[in-house]
Amino acid sequence: MLDEIALMQTEAEAAIAAADSEAALEELRVKYLGRNGLVRGQFQKLGSLPKEDRPAVGAALNQLAKGLEERLEARRAELAAADADRALLADAIDITLPGRSHRVGKRHPLLATLDEMVAIFLGLGFRVVEGPEVEDYYHSFTALNYPEYHPAMDEQMTFYCGPDVLLRSQTSTVQIRAMEHMEPPVRIVVPGRCYRRDTVDATHCHTFYQLEGLLVDEGVTFADLKGTLEIFAREMFGERCHVRFRPDFFPFTEPSAEVALSCTLCEGGGCRVCSNTGYLEVGGAGEVDPNVLAGVGYDTDKYTGFAFGVGVERFTMLRHGIDDIRLFYSGDMRFLGQF
Ligand code: PHE
């Protein structure tokens with residue numbers, strides 16, 4: 001009978017090792033260890049054995065039952081582990097794939113520059129005023145002291161929506177709109193978009209930004225204008241930057257000046273951005289023409305003022321060493337992504 005037990009053990013162990021599912025294992029458990037199982041059947045035969053053989057055979061049967069129990073349990077654990085591995089593999093992610101990056105939006109370089117320019121003037125006690133981009137002829141020219149058919153209008157050629165309605169060619173229009181609603185002292189800057197019928201090239205665009213400044217108070221002189229713009233230039237580009245004023249003409253200022261900054265890229269030595277002149281023209285300025293002040297009802301015996309208007313593109317080009325204005329409006333993310 002011991003041989004029979006040994007044979008049963010070998011068979012059962014092989015069957016357990018070959019079982020490949022929980023269900024198959026359960027079947028084996030019932031077959032060997034169940035109430036009507038083969039092992040129990042052997043126990044029942046014990047009674048018919050000679051008395052002296054019973055302890056040994058009984059012990060062998062007990063051991064067989066215990067051993068099978070353990071094997072079944074071990075195999076069950078093995079199968080569960082394999083199942084878990086399979087599930088993990090099926091669910092696997094490829095961590096060598098590059099992730100999807102999210103582009104974070106940021107300010108356009110022109111607006112970032114404009115913000116900085118405005119911040120400097122806020123620090124000097126100016127406040128921000130804005131006006132419409134679609135303007136009438138009166139605020140664009142008449143109120144700014146342009147005589148009809150004056151040659152100074154040539155550089156202000158712009159887009160007309162009707163005989164009297166046009167896209168503003170300069171932020172100076174807002175000087176008038178602001179003064180119509182304010183009494184001196186006036187101390188404002190006007191950031192904004194302007195339009196001109198210019199042929200597009202490396203330094204011209206039909207759409208561009210200006211920052212206008214206007215200060216009207218008692219006793220304001222050209223020296224105040226120079227000092228203000230000097231401080232502004234140094235704040236923007238550092239101590240070594242200085243402002244060059246040369247005579248110019250604008251109908252709404254008298255005297256008028258062209259404003260240029262020393263090129264901080266080449267330190268005056270000459271480079272592409274300043275076209276080898278050492279200076280970059282950034283705008284115009286002057287003492288406000290009394291005709292303009294009188295036009296908005298200010299007392300010209302009491303008040304004088306200065307005004308300036310500078311191109312934001314120029315400042316941005318100087319700041320970043322950019323030599324083509326078209327890049328700003330290209331929408332090219334390879335360019336814009338650098339800022
Ligand atoms: N508006 C002028 C221009 O666009 C610049 C300017 C502004 C000149 C203020 C004098 C005073 O050309």
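The first residue in the sequence is number 1, and the count goes up from there. Counting convention: from 1, in listed order, for ligands and their atoms alike.
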>> Apply side-chain hydrogen bond (donor to acceptor under 3.5 Å, both in side chains) to residues Glu180 and His139 and explain how you reach the verdict.
In response: CA-CA 11 Å; Glu180 283 171 348; His139 288 90; 3.0 Å; yes

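For atom 6 (C) of ligand 1, the nearest non-hydrogen atom of the protein is Gly284 O, 3.7 Å. Of the protein's non-hydrogen atoms, the one nearest atom 11 (C) of ligand 1 is Phe252 CE1, 3.5 Å. Closest to atom 7 (C) of ligand 1, if we only count protein heavy atoms, is Gly309 N, 3.3 Å. Of the protein's non-hydrogen atoms, the one nearest atom 2 (C) of ligand 1 is Gln170 OE1, 3.4 Å.
A distance of 6.0 Å or more separates the ring centres of Phe237 and His242. Aromatic ring centroids of Tyr195 and His206 lie 6.0 Å or more apart.
Atom CZ of Arg240 has 12 or fewer heavy atoms from other residues, nucleotides or ligands within 6.0 Å.
In this pair, Phe252 and Tyr146 present their aromatic rings tilted. The plane angle is within the 30 to 60° band.
Residue contact check: Ser172 has heavy atoms under 4.0 Å from atoms 1 (N), 7 (C) of ligand 1.
Salt bridge annotation for Arg75-Glu22: absent, with no cationic side-chain nitrogen under 4.0 angstrom from a carboxylate oxygen.
Contact annotation for Ala285 and ligand 1: only backbone heavy atoms (N, CA, C, O) come within less than 4.0 Å of the ligand. Residue Arg196 touches ligand 1 through its side chain alone, judged by heavy-atom distances below 4.0 Å.
Ligand 1 has no N or O atom lying under 3.5 Å from any N or O atom of Glu155, backbone or side chain.
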